[in-house]
Amino acid sequence: MTSNDEYVLQLLRERGYVTAEQLDVASQAMREGNETTLDVLVASGALTEDDVLGTIADQFGMKYVNIDPSALDPDIGKEITSEIAHKYGVAPVMADSDSVTVVLSDPMNYDAVDSLRYVLHGKDVQAVLAPSADVKALMDKLYPSGADEITARTDDGFGGDDESSSGDDAPVIKLCGLILSNAIKMKASDIHLEPMEKEFRVRYRIDGALRKMDSPPKRLQGAILSRFKIMSKIKISEKRIPQDGRIQVNVGGRDLDLRVSTVPTNHGESIVMRILDKSNLALGLPQLGFLSDDQSKFERFIHLSDGVVLVTGPTGSGKSTTLYAALGQINLPDRKIITVEDPVEYQMSGINQVQVNRDVGLDFSAALRSILRQAPNIVMIGEIRDSETADIAMEASLTGHLVFSTLHTNDAPSAVTRLTDMGVKPFLVASAMRAALAQRLVRAICTKCKEEYTITDRDKKMLGPLAKLAPDKMYIGKGCSACNGGYKGRKGIFEIFEVDDTIQRLIFDHAPTSVLRERAREMGMRTLREDGMLKVASGMTSLKEVLQATMGDAD
């Protein structure tokens with residue numbers, strides 16, 4: 001009758017058909033025999049099949065019917081072949097020139113309705129729900145030669161012995177697996193499941209841009225969301241507050257982690273799953289998009305024996321990936337590295353990683369105090385969020401530790417202002433800070449469809465004062481089967497702010513960001529936009545991408 005008993009049991013409990021005590025008793029009996037929990041509840045009289053199917057029909061916006069086989073016109077069977085009817089466990093009960101109404105016993109069998117629309121060449125297919133015994137009787141009448149074939153396909157609600165209807169093969173489970181596998185094939189970084197008023201929208205973020213995918217039927221919204229919540233090990237009954245979870249999957253031999261976030265909206269819970277691909281750990285600094293001089297400079301900072309090195313930028317700008325790449329380069333047997341993260345995104349061999357747990361009082365500052373007693377050489381703090389963490393980080397660097405962390409600032413020199421605004425004393429910032437790296441991500445031009453492009457007068461007019469930075473010859477991607485609209489993958493653009501003796505004195509004297517920035521420019525610092533323009537000239541990315549990524553930044 002249904003291919004997702006756990007979800008159905010939750011619905012029945014929410015609607016008062018069964019109690020928690022009855023579920024516990026049935027679950028114990030299920031473990032002692034071969035029947036499902038639903039089987040036990042129906043067999044004991046705690047539930048009827050009408051209770052179960054009526055609840056499911058109401059949840060999915062379907063009609064629950066009882067149809068007398070003797071009143072059915074035998075010619076209706078011509079609408080669907082016996083093979084198709086048996087394959088999907090359905091029976092036609094009404095038809096006209098534009099539509100067919102079928103009866104089935106499993107509302108989560110989305111394959112039936114969607115596949116029938118294709119088989120029937122675009123006809124509108126409507127589904128109604130009926131007890132499995134009624135569906136079997138209807139099929140026996142319409143397709144008597146194949147009556148024996150239908151038992152295993154329709155009577156799967158309480159039988160408990162139908163291997164073809166196992167949890168792994170359940171239609172909703174298959175659909176959820178398809179959503180995940182398609183996202184991974186398309187190299188998406190995020191999956192967005194968004195309940196709208198009249199549709200259940202699925203979007204993937206690919207190379208930083210959201211793309212809408214084919215939407216599953218709106219009636220499957222609840223089942224799909226519940227399935228992902230079960231996979232994430234978060235409460236499926238709690239729909240009033242945001243929740244966080246994690247899914248670990250293996251797709252094509254690759255181990256992937258998904259960070260799952262739910263939030264209640266007007267039309268249901270919105271779920272966002274961030275895909276953490278462990279293959280990113282293999283990225284080195286050159287793969288991130290550094291030009292050779294900036295890479296050499298950054299490598300010099302990450303090989304220092306002490307000091308604070310910060311990576312800044314907005315959410316989603318690749319800060320964590322850069323830090324992991326840096327740690328991977330300096331992860332040597334003679335160094336002890338400890339990280340404090342919220343959450344631990346990637347497991348790194350040879351590095352001690354600490355997960356923040358605020359429920360037990362283990363926040364960034366508490367964890368940082370503890371790990372300093374572990375005598376590390378290098379410490380990485382996922383993010384400096386408060387003055388206490390910032391103070392401990394600065395003091396740790398002054399006692400011989402190399403400290404890496406991230407901040408949310410628009411540019412690299414603003415890291416100094418952000419720290420002092422948190423309450424860190426300027427002399428601590430001046431003494432401890434070695435460098436700040438600001439970064440953004442831009443889409444990389446597809447190498448298979450790249451073609452040369454000459455800047456036009458219109459482009460120069462649009463650029464205004466920035467036209468002097470634009471090269472005469474640039475590149476664009478025409479778009480091909482290997483890319484997403486001319487782009488494939490993303491690269492970083494960077495701005496490296498080095499703290500020298502002069503800047504130390506400026507920090508100590510409370511100099512504003514503009515003065516710090518001016519001094520850094522005199523020392524040869526390239527701004528984010530300037531670095532981007534060099535990458536436009538090299539054919540790595542496009543002018544449009546750099547302008548979009550740096551429009552709010554100073555020249």
Side-chain angles (χ1 to χ4, degrees), residues 246 255 257 276-288 290 295-312 318-358 360-407 415 419 424 428-429 431-437 439 496 498-499:
R246 194 164 194 156
D255 290 324
D257 284 344
L276 304 175
D277 187 349
K278 294 181 179 179
S279 65
N280 287 338
L281 289 177
L283 292 178
L285 296 179
Q287 287 75 43
L288 299 182
F290 279 102
Q295 181 178 327
S296 297
K297 188 181 295 185
F298 188 61
E299 285 179 342
R300 176 164 55 85
F301 295 135
I302 67 176
H303 283 93
L304 294 173
S305 59
D306 58 35
V308 174
V309 177
L310 300 172
V311 180
T312 77
K319 299 187 297 296
S320 295
T321 300
T322 298
L323 282 180
Y324 279 119
L327 291 180
Q329 187 158 329
I330 59 178
N331 182 16
L332 302 173
D334 61 345
R335 297 176 183 176
K336 179 163 185 173
I337 303 175
I338 305 182
T339 72
V340 184
E341 304 173 64
D342 183 24
V344 173
E345 294 188 356
Y346 300 102
Q347 301 287 340
M348 295 189 71
S349 176
I351 292 179
N352 302 277
Q353 296 173 271
V354 178
Q355 169 73 54
V356 166
N357 186 349
R358 291 180 178 81
V360 297
L362 188 64
D363 56 15
F364 277 109
S365 57
L368 187 52
R369 278 193 222 94
S370 299
I371 67 174
L372 289 176
R373 292 193 287 270
Q374 296 281 312
N377 301 104
I378 299 163
V379 174
M380 193 271 273
I381 310 166
E383 182 183 349
I384 294 178
R385 300 180 180 177
D386 53 63
S387 60
E388 187 176 8
T389 304
D391 279 331
I392 299 171
M394 298 297 146
E395 291 169 359
S397 74
L398 297 178
T399 55
H401 302 87
L402 180 60
V403 180
F404 295 100
S405 192
T406 69
L407 278 177
L419 290 171
V424 182
L428 269 180
V429 178
S431 302
M433 190 167 162
R434 299 290 180 265
L437 171 76
Q439 69 177 68
I496 300 181
E498 181 177 359
V499 180

Can you tell me how far [atom2] of [Y] sits from [atom1] of [X], rounded to the nearest 0.5 angstrom?
X: Gln374; Y: Asn352; atom1: CD; atom2: CG; result: 7.5 Å
X: Gln295; Y: Ile496; atom1: CD; atom2: CD1; result: 9.5 Å
X: Phe404; Y: Ile337; atom1: CZ; atom2: CD1; result: 8.0 Å
X: Phe298; Y: His303; atom1: CZ; atom2: NE2; result: 11.0 Å
X: Leu304; Y: Ile302; atom1: CG; atom2: CD1; result: 9.5 Å

Derivation and outcome, side chain to side chain contact (heavy atoms under 4.5 Å, CB included), residues His401 and Glu395: CA-CA 9 Å; His401 302 87; Glu395 291 169 359; over 6 Å; no

Less than 4.5 Å apart, side chain to side chain, heavy atoms only: is that true for [X] and [Y]?
X: Asn331; Y: Ile378; answer: no
X: Glu341; Y: Val356; answer: no
X: Leu419; Y: Leu310; answer: yes
X: Glu299; Y: Leu285; answer: yes
X: Leu323; Y: Thr339; answer: no
X: Arg358; Y: Asp342; answer: yes
X: Pro376; Y: Val379; answer: yes
X: Leu437; Y: Phe290; answer: yes

Test side-chain contact (heavy atoms from CB on, under 4.5 Å) applied to Ala435 - qualifying residues, sequence neighbours left out: Phe301

Flag, side chain of Ser397 to backbone of Met394, donor-acceptor distance under 3.5 Å: yes

Looking only at heavy atoms, which two atoms of [X] and [Y] are closest? And how far apart?
X: Val309; Y: Leu402; value: CG2-CD1, 4.3 Å
X: Ala396; Y: Val403; value: CB-CG2, 4.2 Å
X: Val354; Y: Ala367; value: CG1-CB, 4.4 Å
X: Lys319; Y: Thr312; value: CD-C, 3.6 Å
X: Ile384; Y: Ala390; value: CG2-CB, 3.6 Å
X: Ile381; Y: Ala393; value: CD1-CB, 3.7 Å

Steps toward side chain to side chain contact (heavy atoms under 4.5 Å, CB included) verdict (Met380, Gln353): CA-CA 9 Å; Met380 193 271 273; Gln353 296 173 271; over 6 Å; no

Test side chain to side chain contact (heavy atoms under 4.5 Å, CB included) applied to Arg385 and Asp363, step by step: CA-CA 10 Å; Arg385 300 180 180 177; Asp363 56 15; over 6 Å; no

Worked verdict on Ser405 versus Val308 for side chain to side chain contact (heavy atoms under 4.5 Å, CB included): CA-CA 8 Å; Ser405 192; Val308 174; 5.8 Å; no

Pair Thr322, Gln439: side-chain N/O donor-acceptor within cut-off below 3.5 Å: yes

Salt bridge (Lys or Arg N to Asp or Glu O under 4.0 Å) between Asp306 and Arg434, intermediate numbers included: CA-CA 9 Å; Asp306 58 35; Arg434 299 290 180 265; 3.1 Å; yes

